[in-house]
There are 2 protein chains.
Amino acid sequence: MTTEPRSNVTRVSCFDCPLRSLAGFRAFSESELNFVSQFKRGELLADSSSTILVEGAKSAHLYTVLSGWGFRYKILEDGRRQILNYVVPGDMVGLQGALMAEMQHSVEALTPMTLCVFERSKLYSLFERHAGLGFDLTWLAAREEAILDEHLLSIGRRSAVERAAYLLGFLYDRGIKSGMLSETNRHIPVTQMHFADTLGLSIVHTNKTLRKLADRGLILWRERGCEILDPEGLQTLSSWAPEELRQRPFI
Amino acid sequence: MTTEPRSNVTRVSCFDCPLRSLAGFRAFSESELNFVSQFKRGELLADSSSTILVEGAKSAHLYTVLSGWGFRYKILEDGRRQILNYVVPGDMVGLQGALMAEMQHSVEALTPMTLCVFERSKLYSLFERHAGLGFDLTWLAAREEAILDEHLLSIGRRSAVERAAYLLGFLYDRGIKSGMLSETNRHIPVTQMHFADTLGLSIVHTNKTLRKLADRGLILWRERGCEILDPEGLQTLSSWAPEELRQRPFI
DNA sequence: CGGAATCTTGAGGGAGCTCAACAGTAGTGG
DNA sequence: CCACTACTGTTGAGCTCCCTCAAGATTCCG
């Protein structure tokens, strides 16, 4: 079931975009800001566990996440699901659908989400008018690619425990950098079912694997989600570390 | 060991680029062609199984594959390797390294390869001067993303036989569309070790899995590579089909 | 209050792993 | 030119990690 936009009017002006103040996001020039501002059509408020984009659809819009957690996934004919990646504030959603003929994956909200809505048809003018923004889009796509590379390495070559530790460390990092997590809020809003479908494991074995991590004091499972207790411990266990903080673009 | 360019001079003029005549590649405008032509620094001839780009390096160049097969991979500290994707003519190589600080994966040649060499520092001017080409780059990155999504689904959720069938069908499709394969030449130049590291399986089990496919008459393993006998059979077995042929860009 | 998710745990089975050995081929150096 | 070594492909045996099945406890939600 797709959630329809509750509003067509811009609520948050791009000039007051809360993401601008986050460390790690690059600054816009005034003309870029003006362009993005009129590129933005409105906002989409998505309920928790609602579908934002669905595989096979030809969407007229693309989105940027303003707030909330979500995830991208694909399913096989018989229902087997693979979660591909998670989305947090600052991430683009639906760029593939805007460039290719149709969406090759679906997107669902983990929490209530707010998304900025952009017109697909105006995408090309973004490249024409503001080369810098076009460059940023390519950057974003390349970064998503790098993340998927890492996930592929993880699923293909890491053991269950290493995989889970990697995923938790990865989500913690993304949460912190996007402002969804902080020193005091370290709660990732996923079910073990989500984790199983991300790790390529059965739900039973995912449960037993997460228990091992909990027994080591690295995490705590509570309130339909996961509390990160020891990010460094997770990184050590998975032999993975996030890349250093750098100025990243967003639209 | 990195292969050094044997020549700095452009051998094949962009105007005579053999890829231009391939079905499925979009046509350039004359001014685009002029730009790409002077964007191109020269050609790199890589020997079979030589390393073209290495993880962690800060490359001053990016490349387009003109001829030959190659692959991208990552390795864990203890040597476990995961092949992420294969590269064929028309594919960009090293775009990540050009956009991010350094390469997050390595690239190796499966056969002798020819690559067009571009200057990393001039990449931004491509976006400034030719919005269409910038758009194409984003398209290429988004397509790579879609492929990685599919691989992730495969490794995470398909059985060994399905996975192998998917990979073979996928490579056959890419080979045909890039001109590396044809009705008469259906030979993919990989070892079973490459397949194992792509599928996330051990080499022994990969061998036994490929045997099952060979026993079904779908493939034939010979001369250090794989002969595709029945592409449709592979597609059916993996419940995967390539997307329809469409005008795709290249640089 | 009842049904549907979600989390948990135990038991048994199987897909895929490691170890091991061998054959065929390619590459290399004396 | 041949011997030697490295790589590749193949097959068997036993083991283990992870799967499925099953059942129960807890929480959420209508």
Side-chain angles (χ1 to χ4, degrees), chain A residues 1 47-50 71 76 78-83 108-112 154-165 167-168 187-215 219-227, chain B residues 1 47-50 76 78-83 108-112 154-165 167-168 187-215 219-227 237:
Chain A
M1 165 184 49
D47 290 331
S48 187
S49 74
S50 65
F71 64 95
L76 291 171
D78 61 3
R80 284 175 283 179
R81 179 177 74 167
Q82 178 65 40
I83 295 183
E108 189 176 316
L110 279 171
T111 64
S154 202
I155 292 204
R157 287 305 182 205
R158 277 192 251 250
S159 71
V161 176
E162 290 172 325
R163 241 183 272 184
L167 178 59
L168 288 159
H187 187 262
I188 299 172
V190 286
T191 66
Q192 298 192 350
M193 187 71 174
H194 291 120
F195 261 63
D197 285 348
T198 312
L199 299 172
L201 298 173
S202 73
I203 195 166
V204 174
H205 199 249
T206 299
N207 179 279
K208 288 169 183 170
T209 302
L210 290 170
R211 170 133 308 284
K212 287 181 192 168
L213 296 182
D215 288 346
I219 61 167
L220 185 64
W221 206 271
R222 63 177 190 77
E223 284 176 30
R224 322 237 129 186
C226 183
E227 208 75 27
Chain B
M1 167 180 50
D47 288 331
S48 187
S49 75
S50 65
L76 291 171
D78 61 3
R80 283 175 284 179
R81 179 177 75 168
Q82 178 66 39
I83 294 182
E108 189 176 315
L110 279 172
T111 63
S154 202
I155 292 205
R157 288 305 183 207
R158 278 192 250 248
S159 71
V161 176
E162 290 172 324
R163 239 183 272 183
L167 178 58
L168 288 160
H187 186 263
I188 299 173
V190 287
T191 65
Q192 297 191 351
M193 186 70 175
H194 292 121
F195 262 60
D197 285 348
T198 312
L199 299 171
L201 298 173
S202 73
I203 197 167
V204 173
H205 199 250
T206 299
N207 179 279
K208 288 168 182 169
T209 302
L210 289 171
R211 169 134 308 284
K212 288 181 191 168
L213 296 181
D215 288 346
I219 60 166
L220 184 65
W221 206 272
R222 64 176 190 78
E223 285 176 29
R224 323 238 129 185
C226 183
E227 208 75 26
L237 193 52

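Below, chains carry the letters A, B, ... as their sequence lines are ordered, and counting in each starts from 1.
With contacts defined as side-chain heavy-atom distances shorter than 4.5 Å, the pair B/Leu110/B/Ser48 does not qualify.
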- Task: I would like to know whether A/Arg157 and B/Asp197 meet salt bridge (Lys or Arg N to Asp or Glu O under 4.0 Å); could you show each step before the answer?
- Result: CA-CA 8 Å; A/Arg157 287 305 182 205; B/Asp197 285 348; 2.7 Å; yes
- Message: Could you walk me through whether A/Glu108 and A/Ser50 satisfy the side-chain contact (heavy atoms from CB on, under 4.5 Å) test, starting with their C-alpha distance in whole Å, then the side-chain angles of each, then the deciding distance to 0.1 Å, before giving a yes or no?
- Response: CA-CA 6 Å; A/Glu108 189 176 316; A/Ser50 65; over 6 Å; no
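A/Arg211 has its CZ atom 18 Å from the C1' atom of D/dC18, to the nearest Å. Whole-Å rounding puts the A/Arg222 CZ to D/dC28 C1' distance at 17 Å. The separation between B/Asp215 atom CG and D/dT10 atom P is 11 Å, rounded to whole Å. Across the protein-nucleic acid pair, B/His205 atom NE2 and D/dG9 atom P stand 17 Å apart, rounded to whole Å.
The side chain of A/Arg224 has D/dC28 as its nearest neighbour among D/dC19, D/dT11, D/dC28. Residue A/Ser202 places its side chain closer to D/dC19 than to any other of D/dG9, D/dA13, D/dC19. Of all nucleotides listed (D/dC28, D/dG12, D/dT20), D/dT20 comes nearest to the side chain of A/Val204.
Checking the phosphate oxygens (OP1, OP2) of D/dT10, a side-chain nitrogen or oxygen of B/Gln192 falls inside 4.0 Å. Using a 4.0 Å cut-off, some side-chain N or O of B/Asn207 falls inside it from OP1 or OP2 of D/dT10.
B/Gly200 comes within contact range of the sugar-phosphate backbone alone, with a heavy-atom separation under 4.0 Å but no base atom that close. A/Thr191 comes within 4.0 angstrom of the backbone, heavy atoms only, and of no base. Using a 4.0 Å heavy-atom cutoff across all strands shown, A/Ile203 reaches no nucleic acid atom at all.
Between A/Ser159 and B/His194, the residue anchored closer to the 5' end of DNA chain D is B/His194, taking for each the nucleotide with the nearest heavy atom.
Nucleotides of DNA chain C that come within less than 4.0 Å of any heavy atom of chain A span, from the 5' end to the 3' end, C/dT6 to C/dA11.
Side chains of B/His194 and B/Thr191: a donor on one and an acceptor on the other come within 3.5 Å.
Of all heavy-atom pairs spanning A/Arg163 and A/Leu199, the tightest one is NH1-O, 2.7 Å. When every heavy atom of B/Leu213 is checked against every heavy atom of B/Ala165, the shortest pair comes out as CD1-N, 4.0 Å. Scanning both residues, B/Ala109 and B/Asp47, for their nearest heavy atoms gives CB-O, 3.4 Å. The shortest heavy-atom contact between A/Val190 and A/Trp221 is O-CZ2, 3.5 Å.
Listed for the B/Gln82 side chain is a donor-acceptor partner under 3.5 Å among the backbone atoms of B/Thr198.
With axes fitted over five pairs at each extremity, the angle between the ends of the helix from C/dC1-D/dG30 to C/dG30-D/dC1 is 50° (10° resolution).
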